[in-house]
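Working notes, beginning with the structure itself.
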Amino acid sequence: MARPLAKICDINDTKELWKVSVRVHHKWTVVSNKREHFEMIFVDVLGGDIHVVVPAPHVSLFSEKIVLDHSYTVSNFKVQANVAVFRPSSHKFMLKFTAGTTVTDDNNADIPPKPLVFTKFTDIINGNFNKDVLIDVIGMVESIGYSQTTSGKFPLSVTNTFNLIVLGLNTDLLPMKEFIESFPKDSMITLSGQEGSNSQLSAQNSENQQLTPVQKLLSKAVVMPIGDIIKLRTITFCAAVGETKMLVSSPYGWYYRGCHACSCIARGDRAPFECEAGHFTEAEIFRYKIEIEVTHVGNSCNFLFWDRECELLLGLSASQMRHTMIKAGIHDPLEFPLALDQMLDCKMAFKVKWQSRWKNASVVMLLKNDPFVKELADQFDTDEMKQPGVEATTTVRSEPNFVVVRTFTVVKCTPLLMYC
């Protein structure tokens with residue numbers, strides 16, 4: 001269940017949950033834009049080395065904890081391309097500490113020091129050296145002729161009615177007659193008239209009708225691809241399709257202690273545990289909370305998978321998974337079980353709650369191994385989904401039992417019709 005140690009030479013950017021046993025070969029401080037961070041070179045038992053950056057927000061946590069020439073087991077870090085002008089390691093990638101990175105003292109590890117390799121000045125003069133890698137230097141700096149700068153990337157309120165929500169329309173208006181007549185005959189939309197009021201457009205589903213899994217996923221959700229979801233600026237329920245690619249490390253781990261009465265965290269060192277809603281829980285209840293990068297046609301978004309969906313995919317409760325880890329001698333929730341990788345490389349349809357403030361989506365429901373997944377994926381490739389809708393406008397009216405609608409967009413979506 002525990003993740004195996006990886007070799008430095010095998011590290012790449014396909015995941016964050018790496019685990020390595022390393023020795024600190026070099027450690028130095030860097031001041032940039034009046035902020036201080038530190039960088040290191042890690043080496044492993046095979047002599048491989050890699051450049052490591054500890055950003056300013058995490059300096060206080062790791063600066064004194066990590067000592068030069070000591071050995072550590074390090075887990076959970078971002079991996080990115082090593083593309084600096086002057087690179088202290090020839091490794092294709094570099095490591096970047098995050099809030100979820102863990103460092104465990106491991107001085108029992110037999111990792112020999114990495115020998116220093118100096119380039120002769122004669123070789124430098126003759127050009128016999130790797131021009132973009134600066135590993136070890138003996139000498140004195142006379143001048144600085146290069147300054148590297150970095151620039152940061154600053155990367156509709158959409159609402160909809162579905163199924164059980166009724167939208168009142170004035171069917172006497174010519175645009176509305178044309179609009180209603182444009183529905184396919186097999187559409188799941190019906191008109192229900194009421195004496196003394198305008199006709200109403202409502203979904204065929206009712207509270208007493210059993211919804212299929214597909215209908216539940218589409219219910220009260222805007223259907224759109226991930227590339228459009230990440231552009232939304234308000235909280236929105238969306239239906240999308242994507243593939244789970246990478247587990248994202250979290251400073252809180254892969255599970256939390258839950259409340260018996262709600263979904264909040266139950267805090268405290270011992271029972272009874274109290275959640276922020278004021279509920280008290282006597283027993284420890286453990287629930288999954290796992291963040292996964294989900295991709296679709298070149299776009300990605302971090303989805304939060306909660307207890308129900310994780311247990312569905314893994315076949316084990318969070319308590320069972322935690323018990324297995326404890327039996328293996330692992331008590332740290334930041335040690336992500338290897339079994340969680342079963343959730344990766346799965347193409348699924350999702351119903352999510354997009355939270356623009358946190359730039360992530362909370363999974364409400366998912367469908368796996370269902371023909372609808374392919375159907376929805378194919379739908380996103382059509383021109384209708386790339387350029388959705390035709391605008392229609394009604395005359396403003398104010399009558400009993402009448403809801404005024406000014407402008408809206410109609411998007412065809414099998415088997416339901418969506419308004420956004």
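Throughout, numbering of the chain's residues begins at 1 and tracks the sequence. Heavy atoms only: backbone and side chains are in, while hydrogens, waters and symmetry mates are out.
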Which heavy atom of Leu367 sits nearest a heavy atom of Pro213, and at what distance? CD2-CB, 3.8 Å
Do side-chain atoms of Thr281 reach the backbone of His260 as a donor and acceptor pair under 3.5 angstrom? yes
Start with the C-alpha gap between Ile41 and Ile50, add the side-chain angles, then the distance that decides, and say whether side-chain contact (heavy atoms from CB on, under 4.5 Å) holds. CA-CA 6 Å; Ile41 297 294; Ile50 193 166; over 6 Å; no
In Å and rounded to the nearest 0.5 Å, what is the OG1 to CD distance from Thr104 to Glu335? 8.0 Å
Can you find a pair of side-chain heavy atoms, one from Val363 and one from Leu304, that are under 4.5 Å apart? no
Okay, side chain of Arg23, backbone of Tyr72: is any donor-acceptor separation there less than 3.5 Å? no
Should Phe303 and Cys301 count as side-chain neighbours, where that means a heavy-atom distance under 4.5 Å? yes
Start with the C-alpha distance between Tyr255 and Arg322, add both sets of side-chain angles, then the distance that settles side-chain hydrogen bond (donor to acceptor under 3.5 Å, both in side chains), and finish with yes or no. CA-CA 8 Å; Tyr255 67 87; Arg322 178 177 177 271; 3.1 Å; yes
Any heavy-atom pair between the side chains of Leu232 and Cys238 that's under 4.5 Å? yes
I'd like to know if the side chain of Ser300 and the backbone of Thr295 have a donor-acceptor N/O pair within less than 3.5 Å. no
State whether the side chain of Tyr288 and the backbone N or O of Arg308 hold a donor-acceptor pair below 3.5 Å, judged by distance alone. no
After noting the C-alpha distance and the side-chain angles of Phe97 and Met40, does the key distance pass the side-chain contact (heavy atoms from CB on, under 4.5 Å) rule? CA-CA 11 Å; Phe97 277 31; Met40 298 175 287; 4.1 Å; yes
side-chain hydrogen bond (donor to acceptor under 3.5 Å, both in side chains) with His51: of Lys96, Arg87, Glu39, His91, only one passes, and it is Glu39
Do Lys368 side-chain atoms and Leu312 backbone N/O form a donor-acceptor pair below 3.5 Å? no
So, using side-chain hydrogen bond (donor to acceptor under 3.5 Å, both in side chains) as the criterion, who are the partners of His279 when residues are at least two apart? none
Take the angle between the ring planes of Phe62 and His58 and call it parallel below 30°, perpendicular above 60°, tilted in between. perpendicular
Approximate separation, where rounding is to 0.5 Å, of Phe350 CZ and His296 NE2: 11.0 Å
Side chain of Ser63, backbone of Ser60: donor and acceptor closer than 3.5 Å? no
Got a second to check how far Ser250's OG is from Leu17's CG, nearest 0.5 Å? 10.5 Å
For the residue pair Ile290 and Met343, what are the closest heavy atoms and their distance? CD1-SD, 4.1 Å
Which is it for Val74 and Thr102 under the side-chain contact (heavy atoms from CB on, under 4.5 Å) test, yes or no, and what are the steps along the way? CA-CA 6 Å; Val74 183; Thr102 64; over 6 Å; no
With a 4.5 Å limit on heavy-atom distance, are the side chains of Val79 and Trp18 in contact? yes
Validation row: Val24, Val67 side chains within 4.5 angstrom (heavy atoms): no
Give the intermediate values and the outcome of salt bridge (charged side-chain N to carboxylate O under 4.0 Å, His left out) for residues Asp341 and Arg3. CA-CA 10 Å; Asp341 289 0; Arg3 293 188 175 272; 2.7 Å; yes
Using a 3.5 Å distance criterion without hydrogens, assess whether the side chain of Thr73 forms a donor-acceptor pair with backbone atoms of Ser21. no
Hey, are Asn302 and Glu291 close enough side-chain-wise for a donor-acceptor pair under 3.5 Å? yes
State which residues pass side-chain hydrogen bond (donor to acceptor under 3.5 Å, both in side chains) with Ser362; sequence neighbours excluded, sorted by chain then number. Trp306
Let's go through Lys220 and Phe237 carefully: what are the C-alpha distance in whole Å and the side-chain angles of both, what is the deciding distance for side-chain contact (heavy atoms from CB on, under 4.5 Å) to 0.1 Å, and is it a yes or a no? CA-CA 7 Å; Lys220 302 179 184 178; Phe237 285 89; 6.0 Å; no
Residues 74-83 vs side chain to side chain donor-acceptor pair (under 3.5 Å), sequence neighbours excluded, gives Glu16-Lys78
Measure from the side-chain N and O atoms of Lys19 to the backbone N and O of Leu5, and report whether any donor-acceptor pair falls under 3.5 Å. no
I'd like to know if the side chain of Arg257 and the backbone of Gly268 have a donor-acceptor N/O pair within less than 3.5 Å. yes
Measuring from atom CD of Glu284 to atom OG of Ser319, what distance do you get when rounded to the nearest 0.5 angstrom? 9.0 Å
Shortest non-hydrogen contact from Leu217 toward Ala239: CD2-CB, 3.9 Å
For Tyr256 together with Phe286, are the ring centres under 6.0 Å from each other? no
Using only atom types and a distance under 3.5 Å, with no angle test, would you say the side chain of Asn12 pairs donor to acceptor with the backbone of Thr14? yes
Got Trp354 and Lys359 here, is their nearest side-chain heavy-atom distance under 4.5 Å? yes
Indicate yes or no: does Glu276 engage Arg267 in a salt bridge with an N to O separation below 4.0 Å. no
Salt bridge flag under 4.0 Å for residues Lys7 and Asp44: no
Point-to-point distance, once rounded to the nearest 0.5 Å, from SG of Cys9 to NZ of Lys92: 13.5 Å
